[in-house]
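Numbers restart at 1 for each chain; the letters A, B, ... are given by sequence-line order, proteins then strands.
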Amino acid sequence: MNLLASLRRAIRDILAARIDDPAVVDELVGTIRPSTDPKFGDYQANCAMPLGKRLGKPPREIAAELVAAVVARPEIVAMCEPPEIAGPGFINLRLRDEWLAAEVNRAARDEERLGVGIASPAKTYVVDYSGPNVAKPMHVGHIRSTVIGDALWRTLKFLGHNAIGDNHVGDWGTQFGMIIYGWKHFRDEAAYKANAVEELARLYRLTRQLIDYWDAATALPKATDRLVEIKTRLLTIQTESENDKIAAKKTSAELKRLGAELDDIAAVMATLQSKLDAVHNNARLSVLAVDHAAINDAVLSETAKLHAGDPENLALWREFLPPCMSDIETIYRRLGVKIDYTLGESFYHDRLAGIVELLARKNLVRESDGAKCVFLDGFDFPMIVQKRDGAFLYSTTDLATIDYREKTWRPDAILYVVDHRQSGHFAQLFAATRLADLTDAELAHVSFGTVLGDDGKPFKTRSGDTVGLGGLLDEAERRALAIVSENDDAKPQPELSAEERANVARIVGIAAIKYADLAHNRTSDYVFSYDKMLATKGNTATYMQYAYARVRSIFRKGDVDIDALRREAAAEIVFTHPSERALAIGLLSLEEALDSMLAGYYPHHLTTYLFDVATRYSTFYQECDVLKAEPESTRTSRLLLCDLTARTLKLGLGLLGIETVEKM
RNA sequence: GUCCCCGUAGCUCAAUCGGAUAGAGCAUCGGCCUUCUAAGCCGAGGGUUGCAGGUUCGACUCCUGCCGGGGAUGCCA
């Protein structure tokens, strides 16, 4: 039951009788929403103002007409008290207690779905998320994609949609050329035998470092030239402007721009210099760098050989892939994430030439500087689908992927949970997909911001490396254990064994990381902080899990068989206190929250909802005795409210991929 | 240079399609545990929503310009 949707449906007819254009009716229906303040009722309709303007009548008059129409309809009267008109023409709606009670009882008896309906029609969604680069270690950004994608996937499925999770792993790109090159030249056989993934990661970093070194070596002189150029120009301008006040005004903008560029160049040069220094300050690296002066081209050629089917490189690829994948699987297991399919870049390799041909047949391909390009309206640069040297790029792979998904699953929508820096790429990809008519499915870039450190810069270790995911999870669990232990020790009778504490810490620690990710608006950057995510107050997983455990502890303490009580025909929820009613409305808003989450693919709409439920519960818990409530019917009613609260929290957290514990 | 995103309380973040007095948490201050987990609850203070205009009954939200931060920018993904 979606309260809001029910209200909107009921009032829709009334509006439709006055306005012909269905689009306008939709817009007006959209103005019905939860009230901003309890004193304005439970829901408010803000449609009288725009309608008044449209019909040329005072909004309050329109509101009065609408209210008259509302009270003439038995099905709305059954739901709502007579509406009130306030301010310029706001219509305030208050749900009837009897109706609310009946609905909350219905939800309480629904074992599986808590009253949440199944979407109709069900749609097919392909959710593309996680997508780590097999050759590179995973970093915090991958958690965001993985966790957000997983939450969307779970929620879509729960609402009855056909959700297909697809992990588009990077298992075929230049990074593999780097590993292969590294393995051929720098490998430590013993280390490889002991821990293949660790050694491969070392080879990747080493090769990467040498490539960066040579890139820096060529880039630095150019940057230096530019620096000199800018300084010269600045000097000229300064001299000119001292002699000529009018010229000074004209050049002030340029002065500023050059100043900014000067800062940029200086920063770039510092970075380049540090890459050079890292090698120069290490005798062994210096030798390696000189010995591998052509490493950049060599790596590209290893990649090209792999793609061309070179037996040696292909054999190495086949050898490297499984341990890398199993390393990634380990992280997924810890996160509790399972992705339906893993169809990476390599899966599409033999389809790429066909895609370029298809585009060519549709007259979409033009050659430019030797590369095959798709030129798109509204973009300054084309999308390259085949390089001058004949190699394909990620754009080609992504087009082939869309083509495959369309043919395999006929999806209604494809969601890409990928960070915001690729928004330009996706804009081009989607435009090209429409041009080539590969699919009619909704294509959505579910983008997300960067995870930042305390300093407001992308989350890195002090030495500037990306933070390994395994260590990140370890740290969260370690800190969670300290919090759990401290709390349990503070009880008169500690109730958790060492194993239980470790298990709770594991669940609480992982939940903290996931929840922090999900609770922030995905489009903005957010600051990663163990202290904040593990805080026991505020909008955190810990608070929510605590609320859940507190509810469950009531049943244990009172020796209540809640599953049996829930099924008793005579047991029902009745309101005897305002906090019970407020909690009930919260509990009945679950479907509304899920719909809102999926409408914009915003998991934080669900976390906000769950936090609201937990808060309403805490208020209720504070103000109403449960086990000691008299008479028996009130005690039963409150137990049922507690039960529905617990199940709502567990279900909602579950849809976010977050576990709960019975004691903490 | 061009394009995209962001700028909200001291801090971290919300605010649904343009709605009533811009909300939470942290931090600060004041109350509430012989009573179901105080990891809690109740209350107070704290804001020119970057700046300047515009659109209208109404703007954090839409439009224009500016300032500040980040990102993307033809053969990496």
Side-chain angles (χ1 to χ4, degrees), chain A residues 4 26-27 30-31 33-37 39-40 44 46 49-50 52-53 59 86-90 92 131 133 136 170 173-175 257 300 345 368-373 378-389 391-395 397-398 418-425 427 447 449-450 456-458 483-484 486-488 490-491 495 519-521 523-527 529 531-532 535-540 542-543 545-547 549-558 592 596 599-600 602 604-605 608 611-612 615 618-619 621-629 642 663-664:
Chain A
L4 181 58
D26 281 344
E27 205 182 311
T31 69
R33 60 189 55 192
S35 287
T36 50
D37 189 304
K39 73 180 175 211
F40 300 136
Q44 61 184 53
N46 305 336
M49 285 80 79
K53 187 169 171 187
F90 293 100
N92 296 330
N133 250 307
K136 299 188 210 170
T174 315
Q175 337 87 26
R257 206 185 63 232
L300 285 179
E345 292 167 347
S368 170
D369 291 335
K372 290 187 177 161
C373 303
F379 292 92
D380 296 337
F381 46 92
M383 188 168 92
I384 297 177
V385 291
Q386 190 167 16
K387 296 201 288 187
R388 197 169 26 213
D389 65 6
F392 301 103
L393 293 104
Y394 62 119
S395 295
T397 309
D398 283 350
V418 179
D419 78 273
H420 72 283
R421 285 175 309 206
Q422 295 199 34
S423 59
H425 164 63
S447 70
T450 310
K457 295 192 177 129
I483 293 168
V484 168
E486 189 188 337
N487 184 60
D488 199 41
K491 292 176 191 167
E495 44 186 35
H520 289 92
N521 187 328
T523 59
S524 40
D525 297 345
Y526 88 93
V527 177
S529 154
D531 289 337
K532 289 218 160 68
T536 53
K537 300 168 179 183
N539 190 7
T540 64
T542 319
Y543 172 87
Q545 288 169 319
Y546 177 69
R550 255 192 337 169
V551 183
R552 298 294 297 175
S553 126
I554 290 178
F555 305 143
R556 274 198 308 276
K557 190 87 52 170
E592 196 177 306
S596 163
Y602 284 119
H604 80 281
H605 287 186
T608 301
F611 181 58
D612 180 58
T615 307
S618 285
T619 304
Y621 177 84
Q622 198 70 25
E623 297 184 5
C624 299
D625 283 333
V626 178
L627 291 174
K628 281 181 290 183
C642 288
K663 291 184 207 171
M664 63 188 286

Could you check which nucleotide pairs with [N] in any of the strands shown, counting Watson-Crick or G-U wobble with both distances under 3.5 Å?
N: B/C41; value: B/G31
N: B/G1; value: B/U73
N: B/G58; value: none

If you check every side-chain atom of A/T619, which of B/A39, B/C41, B/U37 has the closest atom? B/C41
Test your reading of the model: is there a side-chain donor-acceptor pair from A/D525 to the backbone of A/T450, 3.5 Å cut-off?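 Between the backbone of A/T450 and the side chain of A/D525 there is a qualifying donor-acceptor contact (under 3.5 Å).
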With a 4.0 Å cut-off on heavy atoms, is A/S368 in touch with a base, just the backbone sugar-phosphate, or nothing at all? base
For A/A549, report the nucleic acid contact type (base, sugar-phosphate, nothing); a contact means any heavy atom under 4.0 Å.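 Base, at least one base atom sits under 4.0 Å.
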Could you go over nucleotides 5-14 of chain B and give all protein N or O partners under 3.5 Å, atom names and distances?
from  : atom 1 : to     : atom 2 : distance (Å)
B/C13 : OP1    : A/V527 : N      : 2.9
B/A14 : OP1    : A/N521 : N      : 2.7
B/A14 : OP1    : A/S524 : OG     : 3.1
B/A14 : O3'    : A/H604 : NE2    : 3.4

Mark this stacking check for A/Y546 against B/G40 as yes or no, applying ring centres under 5.5 Å and ring planes under 30°. no
Is A/F611 stacked on the base of B/A24 when the test is centres under 5.5 angstrom and planes under 30 degrees? no
Counting only side-chain nitrogens and oxygens, does A/R550 get under 4.0 Å of the OP1 or OP2 atom of B/G40? no
A/D419: which residues meet the salt bridge (Lys or Arg N to Asp or Glu O under 4.0 Å) condition with it, sequence neighbours left out? A/R421
